[in-house]
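Below is one structure, written out as C-alpha coordinates, with a few remarks after it.
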Amino acid sequence: MIINVHAGHSLKCRGASGLLDEVNEDRAVKNRVIELLRANGHTVYDCTDDVGKTQNANLRNIVRKCNDHKVDLDVSIHLNAGGGTGTEVYIYSDSSKAKDEATRIAEKISNALGIRNRCVKTSTKLYVLKKTKSPALLVECCFVDNAIDKVKWNADKCAKAIVEGILNKSVNEHPTPKPQSNTSNALGTYMITASDLKVRTGPGMKYRVKTHNELTKDAKAHDYDRDGCINYGTRVTVSKFDGDWAKIPSGWVAKRCLKKV
Ligand SMILES: [Zn+2]
(Lines give C-alpha, C1' and ligand atoms only; values in the text may rest on other atoms or scores of the structure.)
Protein backbone atom coordinates (compact mmCIF):
# COMPACT_ATOMS: atom_id res chain seq x y z
CA MET A 1 0.00 0.00 0.00
CA ILE A 2 0.93 3.64 -0.33
CA ILE A 3 -0.15 5.61 2.71
CA ASN A 4 0.01 9.22 3.89
CA VAL A 5 0.35 9.61 7.64
CA HIS A 6 0.40 12.83 9.62
CA ALA A 7 0.16 13.93 13.22
CA GLY A 8 -2.37 16.67 13.92
CA HIS A 9 -1.55 20.32 14.69
CA SER A 10 1.89 21.92 14.64
CA LEU A 11 4.72 22.70 17.02
CA LYS A 12 3.84 26.37 16.44
CA CYS A 13 0.10 25.92 16.87
CA ARG A 14 -0.37 23.13 19.32
CA GLY A 15 -3.39 20.92 19.89
CA ALA A 16 -5.18 19.94 23.05
CA SER A 17 -3.40 19.51 26.33
CA GLY A 18 -4.46 18.28 29.71
CA LEU A 19 -3.04 15.25 31.46
CA LEU A 20 -1.44 14.40 28.13
CA ASP A 21 -0.16 16.79 25.49
CA GLU A 22 -1.70 16.08 22.10
CA VAL A 23 1.17 17.25 19.90
CA ASN A 24 3.80 15.33 21.85
CA GLU A 25 1.78 12.14 21.89
CA ASP A 26 0.39 12.25 18.36
CA ARG A 27 3.93 12.61 17.03
CA ALA A 28 5.11 9.64 19.06
CA VAL A 29 2.25 7.58 17.62
CA LYS A 30 2.79 8.88 14.11
CA ASN A 31 6.52 8.07 14.12
CA ARG A 32 5.87 4.54 15.29
CA VAL A 33 3.01 4.01 12.81
CA ILE A 34 5.31 5.04 9.96
CA GLU A 35 8.12 2.82 11.24
CA LEU A 36 5.83 -0.22 11.48
CA LEU A 37 4.19 0.34 8.10
CA ARG A 38 7.56 0.71 6.39
CA ALA A 39 8.93 -2.33 8.18
CA ASN A 40 5.99 -4.23 6.73
CA GLY A 41 6.93 -3.18 3.22
CA HIS A 42 4.56 -0.27 2.65
CA THR A 43 5.36 3.12 1.19
CA VAL A 44 4.60 5.91 3.63
CA TYR A 45 4.71 9.68 3.26
CA ASP A 46 4.89 11.76 6.41
CA CYS A 47 2.58 14.72 5.83
CA THR A 48 2.97 16.26 9.29
CA ASP A 49 3.33 20.05 9.34
CA ASP A 50 5.34 21.85 12.01
CA VAL A 51 5.61 25.28 10.51
CA GLY A 52 1.95 26.37 10.36
CA LYS A 53 1.45 29.16 12.89
CA THR A 54 -2.34 29.09 12.81
CA GLN A 55 -4.80 26.25 12.69
CA ASN A 56 -5.80 27.16 9.13
CA ALA A 57 -2.21 27.38 7.89
CA ASN A 58 -1.44 24.06 9.53
CA LEU A 59 -4.44 22.36 7.93
CA ARG A 60 -3.66 23.78 4.51
CA ASN A 61 -0.03 22.64 4.76
CA ILE A 62 -1.07 19.14 5.76
CA VAL A 63 -3.60 18.81 2.94
CA ARG A 64 -1.13 20.14 0.38
CA LYS A 65 1.38 17.50 1.44
CA CYS A 66 -1.27 14.77 1.40
CA ASN A 67 -2.52 15.65 -2.06
CA ASP A 68 1.02 15.65 -3.45
CA HIS A 69 0.87 11.86 -3.48
CA LYS A 70 -1.65 9.46 -4.90
CA VAL A 71 -2.18 7.06 -2.05
CA ASP A 72 -4.49 4.31 -0.87
CA LEU A 73 -5.19 5.97 2.46
CA ASP A 74 -4.68 9.25 4.36
CA VAL A 75 -4.25 8.74 8.10
CA SER A 76 -4.56 11.67 10.51
CA ILE A 77 -3.56 11.11 14.14
CA HIS A 78 -5.01 13.20 16.96
CA LEU A 79 -5.88 13.00 20.63
CA ASN A 80 -9.29 14.12 21.80
CA ALA A 81 -10.35 16.56 24.52
CA GLY A 82 -13.42 17.97 26.10
CA GLY A 83 -14.84 15.43 28.49
CA GLY A 84 -15.08 11.86 27.40
CA THR A 85 -13.16 8.64 27.45
CA GLY A 86 -12.05 6.22 24.81
CA THR A 87 -11.08 6.12 21.18
CA GLU A 88 -12.97 7.05 18.03
CA VAL A 89 -12.17 7.31 14.34
CA TYR A 90 -13.71 9.83 11.93
CA ILE A 91 -14.46 9.31 8.27
CA TYR A 92 -16.11 11.77 5.87
CA SER A 93 -19.25 9.77 5.23
CA ASP A 94 -20.69 6.35 5.73
CA SER A 95 -19.74 5.43 2.17
CA SER A 96 -16.05 6.33 2.72
CA LYS A 97 -13.62 3.78 1.34
CA ALA A 98 -11.73 4.10 4.62
CA LYS A 99 -14.65 2.79 6.69
CA ASP A 100 -13.35 -0.75 7.16
CA GLU A 101 -9.93 0.49 8.24
CA ALA A 102 -11.54 3.03 10.57
CA THR A 103 -13.76 0.40 12.17
CA ARG A 104 -10.83 -1.92 12.76
CA ILE A 105 -8.60 0.85 14.13
CA ALA A 106 -11.17 1.94 16.73
CA GLU A 107 -11.69 -1.65 17.81
CA LYS A 108 -7.99 -2.45 17.99
CA ILE A 109 -7.02 0.68 19.92
CA SER A 110 -9.85 0.04 22.35
CA ASN A 111 -8.63 -3.52 22.91
CA ALA A 112 -4.94 -2.66 23.03
CA LEU A 113 -5.28 0.14 25.57
CA GLY A 114 -8.32 -1.16 27.41
CA ILE A 115 -10.33 2.01 26.84
CA ARG A 116 -13.85 2.52 25.54
CA ASN A 117 -14.54 1.99 21.84
CA ARG A 118 -16.54 5.03 20.72
CA CYS A 119 -16.50 3.50 17.23
CA VAL A 120 -16.51 5.16 13.84
CA LYS A 121 -18.11 8.56 13.41
CA THR A 122 -18.79 10.59 10.30
CA SER A 123 -18.09 14.28 9.86
CA THR A 124 -18.23 16.41 6.73
CA LYS A 125 -16.72 19.33 8.63
CA LEU A 126 -13.21 18.11 9.34
CA TYR A 127 -10.94 19.94 6.87
CA VAL A 128 -8.51 17.08 6.35
CA LEU A 129 -11.29 14.61 5.58
CA LYS A 130 -13.04 17.10 3.32
CA LYS A 131 -10.02 18.25 1.32
CA THR A 132 -7.84 15.18 0.88
CA LYS A 133 -8.34 13.33 -2.36
CA SER A 134 -7.70 9.77 -1.22
CA PRO A 135 -9.80 7.77 1.26
CA ALA A 136 -9.10 9.37 4.61
CA LEU A 137 -9.60 8.72 8.30
CA LEU A 138 -8.86 10.69 11.44
CA VAL A 139 -8.02 8.83 14.62
CA GLU A 140 -8.79 10.37 18.01
CA CYS A 141 -6.62 7.96 19.97
CA CYS A 142 -7.92 8.84 23.44
CA PHE A 143 -8.78 11.89 25.59
CA VAL A 144 -5.92 14.06 26.85
CA ASP A 145 -8.04 15.27 29.76
CA ASN A 146 -9.38 11.99 31.07
CA ALA A 147 -7.64 10.27 33.99
CA ILE A 148 -8.49 6.74 32.84
CA ASP A 149 -7.24 7.37 29.32
CA LYS A 150 -4.07 8.95 30.71
CA VAL A 151 -3.30 5.95 32.92
CA LYS A 152 -3.95 3.50 30.10
CA TRP A 153 -2.16 5.52 27.44
CA ASN A 154 0.72 3.89 25.57
CA ALA A 155 1.79 5.50 22.29
CA ASP A 156 3.56 2.38 21.00
CA LYS A 157 0.58 0.11 21.66
CA CYS A 158 -1.72 2.64 20.06
CA ALA A 159 0.50 2.85 16.98
CA LYS A 160 0.62 -0.92 16.64
CA ALA A 161 -3.18 -1.05 16.87
CA ILE A 162 -3.52 1.59 14.15
CA VAL A 163 -1.16 -0.30 11.85
CA GLU A 164 -2.97 -3.58 12.47
CA GLY A 165 -6.25 -1.84 11.75
CA ILE A 166 -4.92 -0.46 8.47
CA LEU A 167 -3.35 -3.72 7.34
CA ASN A 168 -5.99 -6.02 8.82
CA LYS A 169 -3.36 -8.36 10.24
CA SER A 170 -1.12 -8.71 13.28
CA VAL A 171 2.27 -7.07 13.06
CA ASN A 172 5.45 -7.79 14.93
CA GLU A 173 6.14 -5.14 17.56
CA HIS A 174 9.87 -5.26 16.96
CA PRO A 175 10.28 -5.70 13.25
CA THR A 176 13.67 -5.75 11.60
CA PRO A 177 13.45 -2.74 9.35
CA LYS A 178 14.26 -3.37 5.73
CA PRO A 179 17.29 -1.40 4.59
CA GLN A 180 16.11 1.72 2.84
CA SER A 181 17.62 2.54 -0.49
CA ASN A 182 19.00 6.02 -0.53
CA THR A 183 19.41 6.26 -4.25
CA SER A 184 16.48 4.57 -5.96
CA ASN A 185 14.31 7.67 -5.92
CA ALA A 186 17.10 10.18 -6.04
CA LEU A 187 15.69 11.91 -9.08
CA GLY A 188 12.17 13.15 -8.92
CA THR A 189 10.03 15.78 -7.39
CA TYR A 190 11.37 17.41 -4.29
CA MET A 191 10.36 20.15 -1.95
CA ILE A 192 12.13 23.44 -1.51
CA THR A 193 11.59 27.17 -1.34
CA ALA A 194 14.21 29.41 -2.91
CA SER A 195 14.37 31.64 0.17
CA ASP A 196 15.23 28.66 2.31
CA LEU A 197 18.42 28.23 0.38
CA LYS A 198 19.98 31.64 0.67
CA VAL A 199 21.57 33.75 3.36
CA ARG A 200 22.25 37.43 2.90
CA THR A 201 25.98 38.07 3.21
CA GLY A 202 26.15 41.81 2.80
CA PRO A 203 24.28 44.92 1.83
CA GLY A 204 22.17 44.89 -1.30
CA MET A 205 21.67 41.61 -3.05
CA LYS A 206 24.61 39.66 -1.75
CA TYR A 207 23.63 36.12 -0.95
CA ARG A 208 25.28 32.79 -0.57
CA VAL A 209 23.76 29.33 -0.58
CA LYS A 210 23.23 28.00 2.92
CA THR A 211 25.55 25.33 4.17
CA HIS A 212 24.33 21.86 4.74
CA ASN A 213 24.36 22.43 8.50
CA GLU A 214 22.32 25.57 8.18
CA LEU A 215 19.78 23.81 6.02
CA THR A 216 19.39 20.86 8.30
CA LYS A 217 19.78 22.25 11.78
CA ASP A 218 16.05 22.68 12.42
CA ALA A 219 14.98 19.53 10.60
CA LYS A 220 12.89 17.14 12.62
CA ALA A 221 12.63 13.42 12.06
CA HIS A 222 9.42 13.83 10.10
CA ASP A 223 11.08 16.23 7.68
CA TYR A 224 12.92 13.26 6.26
CA ASP A 225 11.08 11.45 3.53
CA ARG A 226 11.29 7.77 2.75
CA ASP A 227 14.55 8.20 0.85
CA GLY A 228 16.12 9.74 3.91
CA CYS A 229 15.92 13.15 2.30
CA ILE A 230 14.72 16.41 3.76
CA ASN A 231 11.69 18.27 2.54
CA TYR A 232 11.84 22.03 2.58
CA GLY A 233 8.74 23.47 1.02
CA THR A 234 7.51 24.36 -2.44
CA ARG A 235 7.57 21.80 -5.15
CA VAL A 236 10.08 21.85 -7.94
CA THR A 237 11.01 19.16 -10.38
CA VAL A 238 14.59 18.17 -10.17
CA SER A 239 16.35 17.62 -13.44
CA LYS A 240 19.93 16.92 -12.48
CA PHE A 241 22.05 16.03 -9.51
CA ASP A 242 25.57 17.16 -8.80
CA GLY A 243 26.72 15.06 -5.92
CA ASP A 244 23.98 15.21 -3.37
CA TRP A 245 22.71 18.56 -4.55
CA ALA A 246 20.04 18.76 -7.15
CA LYS A 247 20.17 21.34 -9.87
CA ILE A 248 16.99 23.20 -10.63
CA PRO A 249 16.35 25.64 -13.47
CA SER A 250 16.47 28.73 -11.26
CA GLY A 251 19.75 27.91 -9.61
CA TRP A 252 21.29 25.50 -7.22
CA VAL A 253 20.09 23.02 -4.73
CA ALA A 254 16.76 21.36 -4.44
CA LYS A 255 17.50 18.92 -1.72
CA ARG A 256 20.36 17.39 0.10
CA CYS A 257 19.96 13.66 0.57
CA LEU A 258 20.77 12.55 4.05
CA LYS A 259 20.59 9.33 5.94
CA LYS A 260 17.68 9.35 8.32
CA VAL A 261 18.89 9.79 11.89
ZN1 LIG B 1 -6.42 17.35 17.42
Side-chain angles (χ1 to χ4, degrees), residues 2-18 20-30 33-34 37 44-110 115-146 149 155 158-159 161-163 165-166 222:
I2 306 174
I3 303 162
N4 282 332
V5 180
H6 72 266
H9 313 281
S10 137
L11 294 178
K12 294 188 172 135
C13 177
R14 300 180 71 95
S17 105
L20 293 166
D21 182 273
E22 180 177 12
V23 162
N24 293 348
E25 299 306 326
D26 70 9
R27 276 146 181 76
V29 175
K30 178 267 294 180
V33 163
I34 291 176
L37 284 171
V44 187
Y45 296 102
D46 187 343
C47 300
T48 304
D49 163 62
D50 269 327
V51 299
K53 291 190 178 115
T54 63
Q55 194 176 15
N56 283 344
N58 170 247
L59 289 169
R60 278 197 306 271
N61 289 344
I62 289 169
V63 166
R64 191 177 347 107
K65 289 187 191 192
C66 290
N67 288 340
D68 257 354
H69 319 115
K70 193 170 162 24
V71 296
D72 300 303
L73 189 66
D74 278 298
V75 178
S76 180
I77 298 171
H78 288 251
L79 274 71
N80 220 335
T85 176
T87 187
E88 61 197 23
V89 182
Y90 282 90
I91 51 176
Y92 184 73
S93 75
D94 207 48
S95 59
S96 166
K97 286 191 179 132
K99 190 180 176 183
D100 289 349
E101 286 85 349
T103 307
R104 291 193 297 260
I105 289 170
E107 199 178 291
K108 284 178 190 292
I109 293 177
S110 166
I115 57 174
R116 194 177 140 201
N117 182 2
R118 303 163 67 93
C119 302
V120 173
K121 297 186 174 174
T122 59
S123 170
T124 53
K125 292 194 178 117
L126 294 167
Y127 188 86
V128 163
L129 298 183
K130 196 158 73 179
K131 298 287 185 182
T132 47
K133 290 180 186 148
S134 304
L137 57 85
L138 185 149
V139 186
E140 293 281 7
C141 301
C142 74
F143 280 75
V144 297
D145 48 6
N146 181 278
D149 289 21
C158 184
I162 291 171
V163 169
I166 294 169
H222 67 260

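None of these values were measured; they are calculated from a predicted model. What's counted below: heavy atoms across the whole structure, side chains too, no hydrogens, waters or symmetry copies.
Considering all non-hydrogen atoms of both residues, Ile62 and Ala7 come closest at CD1-O, 4.3 Å. Ser10 and Asn58 get closest at one heavy-atom pair: CB-ND2, 3.4 Å. Of all heavy-atom pairs between Ala106 and Thr87, the closest is O-CG2, 3.4 Å. Listed here is the closest heavy atom pair of Val89 and Ala102: CG1-CB, 3.5 Å. The shortest heavy-atom contact between Lys30 and Thr48 is CE-OG1, 3.3 Å. The two atoms that bring Gly82 and Asp145 nearest to each other are N-OD2, 2.7 Å, heavy atoms only.
Between the Ser96 side chain and the Tyr92 main chain, no donor and acceptor come within less than 3.5 Å of each other. At least one donor-acceptor pair under 3.5 Å links the side chain of Glu22 to the backbone N or O of Leu79. Between the side chain of Arg27 and the main chain of Gly8, a donor-acceptor pair closer than 3.5 Å is present.
In this structure, Asp50 does not pair ionically with Lys12, as no charged nitrogen and carboxylate oxygen lie closer than 4.0 Å. The pair Asp49-Lys65 does not meet the salt-bridge criterion, since no charged nitrogen lies less than 4.0 angstrom from a carboxylate oxygen.
Under the 3.5 Å distance criterion, with hydrogens and angles disregarded, a donor-acceptor pair is assigned to the side chains of Thr85 and Asp149. Between the side chains of Ser134 and Thr132, not a single donor N or O lies within less than 3.5 Å of an accepting N or O. Side-chain atoms of Arg14 and Asn24 form a donor-acceptor pair, as typed in the model, at a separation below 3.5 Å. Using modelled atom types and a 3.5 Å distance limit, the side chains of Thr54 and Asn56 yield no donor-acceptor pair.
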Check against side chain to side chain contact (heavy atoms under 4.5 Å, CB included), Val51 and Asn61:
CA-CA 8 Å; Val51 299; Asn61 289 344; 3.8 Å; yes

Decide side chain to side chain contact (heavy atoms under 4.5 Å, CB included) for Cys142 and Leu20; before the verdict, give the C-alpha distance in whole Å, the side-chain angles of both, and the deciding distance to 0.1 Å.
CA-CA 10 Å; Cys142 74; Leu20 293 166; 3.9 Å; yes

Mind running side chain to side chain contact (heavy atoms under 4.5 Å, CB included) on His69 and Cys47 for me, showing each step along the way?
CA-CA 10 Å; His69 319 115; Cys47 300; 4.3 Å; yes

Verdict with supporting geometry, Arg116 and Phe143, side chain to side chain contact (heavy atoms under 4.5 Å, CB included):
CA-CA 11 Å; Arg116 194 177 140 201; Phe143 280 75; over 6 Å; no

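For the pair Val144 and Asn80, the minimum side-chain heavy-atom distance is 4.5 Å or more. Side chains of Leu73 and Ile166 form a contact here, defined as non-hydrogen atoms less than 4.5 Å apart. Looking at heavy atoms from C-beta onward, Tyr45 lies in side-chain contact with Val71 at the 4.5 angstrom threshold. Counting heavy atoms from C-beta outward, Leu137 and Ile105 have side chains that approach closer than 4.5 Å. With a 4.5 Å cut-off on side-chain heavy atoms, Asp46 and Val5 do not count as touching. No side-chain heavy atom of Asn4 sits under 4.5 Å from any side-chain heavy atom of Val75.
Using cut-offs of 30° and 60° on the angle between ring planes, the pair His78 and His9 is perpendicular.
Around atom NZ of Lys121, more than 12 heavy atoms belonging to other residues, nucleotides or ligands sit under 6.0 Å away.
Checked against ring-ring contact (aromatic ring centres under 6.0 Å, His included), His6 has no partners two or more places apart in sequence or in another chain.
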